[in-house]
Amino acid sequence: MKKFSLPKDGGLIEAGLPYGIMHTYENIPVHIFEDEEVASERLAEEIVSAINANNGVYRLGLTTGSSPVALYRALVRRHEVGEVSFKDVEIYSIDEYYPALPDNYSRNRRLDSELIAHIDVKPENVFIPKLSEAKDSAEVSAFCAEFDAKARGLDLLVMGMGEKGQIGFNESGASELSRTRTVLLTYASRKRESKNFSGKIDATPDKAIAMGISTMLSAKKIHLIAWGEDKADVVKRVAEGKADHSCPASFLQKHENISFYVDENSASLITRNVAPWLVGPCEWTPKFIRKAVVWLCEQVHKPILKLTQGDYLANGLGELLEQHGPYDQINIKVFNDLQHTISGWPGGKPDADDSTRPVPSSPFPKRVVIFSPHPDDDVISMGGTFIRLAEQGHDVHVAYETSGNVAVHDDVVLQHMDAARELGFGDRFDEVKEIIASKKPGQPEPRALLNLKGAIRRSEAKSAVRSFGLNDETNCHFLNLPFYETGGIKKGQRTQADIDIIIDLLQQVKPHQIYLAGDLADPHGTHRVCTEAVLEALNQLKDEDWLRDCHVWLYRGAWMEWDLGKVDMAVPLSPDEVIKKRHAIYRHLSQKDIVPFPGEDPREFWQRAEERTQNTARLYDELGMAEYQAIEVFVKLF
């Protein structure tokens, strides 16, 4: 099934653009692909060609983590059809916990299960910096030195990196002269890794053996890989910033034969995407012109209608003036274009002139389905718009795609069981406490416990939508998509069973509007899987008559927000509506204060949501629009 990405709308004309000009701003050349599958196929093709052309042993270094999984699968497919043999290949891993843990906890478990188990590489040709038992310092140092000597001069090293530029367990402050060594894991590293240990940081290893940066730099060729919006900041920093100790991956800029393989989402902040007019000729569509003008306003700190011809010329936008000028006409067109995105009627205003409104006035009321990947994404990401749609009389349905059960802390379950006991509804506190005690790190949670956690999330979701008048019996739908129900952080593959559940709901409601999560920086990938499942369901329903009058809107807000150059509808919120939205988020009590896997952002979800929507309102204000308390923004997919 195809990976979701937004359709292109204008941008750099790359055909015929010389290589040097294309990568003008890049210290590491960035090769952008549609998604990680396409990029991994291309990289696998290169690796297979190099192995087949090599005389003697080909020495391949591979990163740990989840980034190379698509590459492993692409290599396995090529091996299975006879395109390549790994009998003369040596494989080197870059790190492992110290002392090494059982296979299901190993840093190299994906390398073993996704690649090595399926190819004909000789066991003696697999090199992992693995010591199963603690050794004295001299023995550990000797082991590291021996591994380092073997790992120098690799033919190719494929490297992923963390959101802060970590490579392997080389964290902020690591030296570019470092060699393979033992390292103490920082609290931040252990917090990231704790997701593989039931969220328990005290069960997470505190030491590892890591290949050094100088060892990495000794490879003949290096490919860095990065996928997803959550890597966009670090891709820009590593590819275009200066090398410094706070971002270890940036030291790889010094390699003479290195390149970046990235998908469109992780490349979204590099210069040739943010300001491609600085790189070469562009295709100037209306939305792309708006993107350029909004960018220009940010550069010169002026509202749209105060931009001058000099501002355009001094900031690389001469081509825009030549093709679409004069500048004052561009200013007016973009101002009106952006102004027309603002609407207090997300379902359309009845009996109104809708020629410049983002949503048609009829039919009214509309049938609406809001798809929420987790049981709180609806109110976090578009709670104000949700409230508007309900209060303005539309038939609004919310579909909670997953149970969200793994995001409920055990203590919250015990609190609910204690409340039931105190209220006289039965005493099962000790029984549940025993179930919790039976949990084993790295194993799926007991189903009885997951059922309790799912029930807690459902009760919170129903309470939230009741707070603004929605009927939780008829208009709340808990889909419990099967892909999510693994009992752990790692989820299963999306299948037709998931899609069929969505199809049934869509056929039942036959909506005029669908709202989907476009927030693809979700650290666990659930948003992407859910969105792609809905899009596949819509594809399978493409011949249905009701779909001709149905439009799909994408929201964000849980992790990132839409760039104003992409926005099709902006729903302003008053101070009172912001408070209503906050109170709806508050109903999700299990997600307040204690969240097992919150990522790097310490703020509660209501704080993230308010700050993002208030920042969007500030940006509209700075561009010369009316000043609002907050604004939720949407992109129209079709």
Does some side-chain heavy atom of V234 sit less than 4.5 Å from a side-chain heavy atom of M161?
yes
Of all the heavy-atom pairs spanning S403 and N480, show the shortest one and how long it is.
CB-OD1, 3.5 Å
W553 and Y515 aromatic ring geometry - parallel, tilted or perpendicular at 30°/60° bounds
parallel
Rounded to the nearest 0.5 angstrom, the CZ-CD1 distance for R428 and I435 is 7.5 Å
Tell me whether K236 at atom NZ has more than 12 heavy atoms from other residues, nucleotides or ligands lying less than 6.0 Å away.
yes
Kindly determine whether T385 and F634 satisfy side-chain contact (heavy atoms from CB on, under 4.5 Å), including the steps that lead there.
CA-CA 10 Å; T385 304; F634 302 84; 3.3 Å; yes
Criterion salt bridge (charged side-chain N to carboxylate O under 4.0 Å, His left out) on D418 and R421, from CA distance to verdict
CA-CA 5 Å; D418 193 29; R421 178 172 62 182; 2.7 Å; yes
What's the verdict on side-chain contact (heavy atoms from CB on, under 4.5 Å) for K581 and E632, showing C-alpha distance, side-chain angles and the deciding distance?
CA-CA 11 Å; K581 174 179 176 177; E632 294 175 345; 2.7 Å; yes
Passes side-chain hydrogen bond (donor to acceptor under 3.5 Å, both in side chains), S459 versus R587? Steps please.
CA-CA 9 Å; S459 68; R587 302 300 178 105; over 6 Å; no
Can you confirm whether the side chains of Q166 and S189 place a donor and an acceptor under 3.5 Å from each other?
no
Candidate pair D244 and S246, rule side-chain hydrogen bond (donor to acceptor under 3.5 Å, both in side chains), full reasoning
CA-CA 6 Å; D244 68 70; S246 66; 2.3 Å; yes
Give me the atom names and distance for the closest heavy-atom approach of Q513 to C550.
N-SG, 4.4 Å
Heavy atoms of T204 and R190 approach each other most closely as O-NH2, 2.8 Å
If I compare all heavy atoms of N273 with all of A267, which pair ends up nearest, and what's the gap?
ND2-O, 2.7 Å
For the student: nearest non-hydrogen atoms of T526 and Y484, plus distance:
OG1-CE1, 4.0 Å
The reported gap from CG in L506 to NE2 in H397 (rounded to nearest 0.5 angstrom) is 11.0 Å
Check against side-chain hydrogen bond (donor to acceptor under 3.5 Å, both in side chains), R612 and N615:
CA-CA 5 Å; R612 281 188 174 86; N615 180 64; over 6 Å; no
Take Y620 and Y628, measure what side-chain contact (heavy atoms from CB on, under 4.5 Å) needs, and give me the verdict at the end.
CA-CA 9 Å; Y620 266 86; Y628 295 101; 5.8 Å; no
Answer yes or no: is there a side-chain heavy-atom contact under 4.5 Å between S463 and R466?
yes
Mind telling me whether H527 and H374 have parallel, tilted or perpendicular rings, with 30° and 60° as the class edges?
tilted
Measuring only between side-chain heavy atoms, which start at C-beta, is D568 closer than 4.5 Å to V633?
no
Salt bridge (charged side-chain N to carboxylate O under 4.0 Å, His left out) for D263 and K231? Distances and angles first, verdict last.
CA-CA 10 Å; D263 65 353; K231 296 291 179 69; over 6 Å; no
Heavy atoms only: give me the nearest G348-H394 pair and the separation to one decimal.
O-NE2, 4.3 Å
Apply salt bridge (charged side-chain N to carboxylate O under 4.0 Å, His left out) to E561 and R608, showing your working.
CA-CA 11 Å; E561 191 54 278; R608 303 186 202 187; over 6 Å; no
Note, R447 side chain near N405 side chain (heavy atom, < 4.5 Å)
yes
To the nearest 0.5 Å, tell me how far E532 CD sits from N539 CG.
12.5 Å
Please evaluate residues Y187 and D206 with respect to the criterion side-chain contact (heavy atoms from CB on, under 4.5 Å), reporting the C-alpha separation (whole Å), side-chain torsions for both, the decisive distance (0.1 Å), and the verdict.
CA-CA 8 Å; Y187 177 80; D206 60 1; over 6 Å; no
As a quick check of understanding, evaluate side-chain hydrogen bond (donor to acceptor under 3.5 Å, both in side chains) for S268 and N265, giving each step before the final call.
CA-CA 5 Å; S268 61; N265 292 313; over 6 Å; no
Look at atom NZ of K433 and say whether more than 12 heavy atoms of other residues, nucleotides or ligands are closer to it than 6.0 Å.
no
Measure from NZ or CZ of R494 to the centre of the six-membered ring of F483, then state whether that distance is under 6.0 Å and the direction lies within 45° of the axis.
no
